[in-house]
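Only a predicted model underlies this, so the values are computations on that prediction, with no experimental measurement involved.
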Amino acid sequence: MAEPIASESPRRRGRRRAGADTRGALLEAARAEFGERGFDGATVRRIAERAGVDAAMVNHWFGGKEQLFVAALDFPIDIATILDRVLPGPPEELGARIIRTFLGVWDATGGAPLGTLIRSVASHETAAGMMREFVGTALAQRLVRPVAPDRHELRAALCGSQIIGLGMIRYVLRLEPIASAGHDEVVSATAPTLQRYLTGPLD
């Protein structure tokens, strides 16, 4: 029996050969490109080249660059799991639990997905919308409202400024000594402010 004929084109098109994870390869390449270049600087062509597939596969699997960006920002841990970690316990220690969990989750990934989101939020509405959704829903409704005495939306926005600011300094700017500080040191320095935003007087 004759041997199967190899592809005539040296250029890799369409899906990868059987068994290869095209979607996973695109996500990995997208995270690297968005992390290095931000949303505007990363291109579908470069992402596809980095993944070793045809650029048409971005539309096939994700529908376009924007949808790929959203998929690439998948958190390493779901919100429900985070809430299960931080909500149980004394309300007056919630700020410390939030900061400690934040550091534990993002240090484990090197902060790359969070850094991508923060770098892109100022210039791209999808990223900005994701951040607003996070602050308005995950923070305001699930963390702040159960413990705060009043002004839930303001308190959620203030909490967001503290957490996102910490992420910017530690994972994007990598400003020392915060970038390499231990968890206990960061919690001790930042949790009291976050706790005041959660349960203390704002005036």
Side-chain angles (χ1 to χ4, degrees), residues 1-85 101-143 156 160 163-164 166-168 170-174:
M1 180 180 287
E3 293 293 328
I5 298 174
S7 171
E8 296 179 0
S9 172
R11 185 180 178 189
R12 194 176 299 171
R13 289 186 176 274
R15 299 190 183 190
R16 287 181 161 196
R17 63 185 182 275
D21 183 4
T22 301
R23 186 177 188 278
L26 282 169
L27 284 172
E28 182 178 353
R31 292 187 182 108
E33 286 291 316
F34 288 135
E36 294 170 7
R37 306 173 189 276
F39 180 86
D40 292 329
T43 66
V44 167
R45 180 182 61 81
R46 289 188 63 92
I47 291 169
E49 286 179 353
R50 193 163 188 158
V53 301
D54 192 280
M57 288 293 95
V58 173
N59 284 331
H60 173 77
W61 285 103
F62 301 98
K65 176 182 171 182
E66 186 165 310
Q67 293 89 334
L68 175 59
F69 175 72
V70 173
L73 288 172
D74 186 30
F75 278 13
I77 184 171
D78 62 84
I79 295 297
T81 301
I82 293 176
L83 292 173
D84 287 342
R85 290 184 182 182
T101 300
F102 176 86
L103 294 172
V105 168
W106 293 112
D107 277 9
T109 68
L114 180 64
T116 300
L117 177 57
I118 293 174
R119 278 193 296 271
S120 300
V121 71
S123 61
H124 192 257
E125 179 57 28
T126 297
M130 292 170 68
M131 190 66 78
R132 285 194 298 270
E133 181 70 16
F134 173 76
V135 173
T137 301
L139 288 183
Q141 300 300 324
R142 302 184 184 183
L143 287 177
I163 296 169
I164 295 166
L166 175 59
M168 171 70 79
R170 189 172 176 93
Y171 303 115
V172 180
L173 296 180
R174 300 186 183 277

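Sorted pairs that involve residues 134-143 and meet salt bridge (charged side-chain N to carboxylate O under 4.0 Å, His left out), not counting sequence neighbours, are lacking altogether.
In this structure the side chain of L68 reaches within 4.5 angstrom of the side chain of L27, judged on heavy atoms. Two residues are said to be in side-chain contact when any heavy atoms from C-beta on lie closer than 4.5 Å; M57 and R23 fail this criterion. Residues F34 and K65 have side chains in contact (heavy-atom distance under 4.5 Å, counting atoms from C-beta outward).
To the nearest 0.5 angstrom, M168 atom CE is 14.5 Å from I163 atom CD1. W61 contributes atom CH2, which lies 9.0 Å from atom CG of L26 (distance to the nearest 0.5 angstrom). Residue R31 holds its CZ atom at 10.0 Å from OG1 of T109, rounded to the nearest 0.5 Å. H60 contributes atom NE2, which lies 11.5 Å from atom CG of D54 (distance to the nearest 0.5 angstrom).
Judged as a side-chain contact (heavy atoms from CB on, under 4.5 Å), and not counting sequence neighbours, the contacts of T101 are I82, R85, V86, V105. Checked against side chain to side chain donor-acceptor pair (under 3.5 Å), D107 has the following partners two or more places apart in sequence or in another chain: R170, Y171, H183. With sequence neighbours excluded, no residue forms a side chain to side chain donor-acceptor pair (under 3.5 Å) with Q67. For A48, the side-chain contact (heavy atoms from CB on, under 4.5 Å) partners are V53, A55, not counting sequence neighbours. For L166, the side-chain contact (heavy atoms from CB on, under 4.5 Å) criterion is met by I99, F102, L103, I178, V186, not counting sequence neighbours. With sequence neighbours left out, E28 forms a salt bridge (charged side-chain N to carboxylate O under 4.0 Å, His left out) with no residue at all. With sequence neighbours excluded, no residue forms a salt bridge (charged side-chain N to carboxylate O under 4.0 Å, His left out) with R174.
In terms of heavy-atom proximity, A51 sits nearest to A25 at CB-O, 3.6 Å. Looking at every heavy atom in both residues, I47 comes nearest to A42 through CD1-CB, 4.4 Å.
Between E36 and R50 there is a salt bridge, since at least one side-chain N of the basic residue sits less than 4.0 Å from a carboxylate O of the acidic one.
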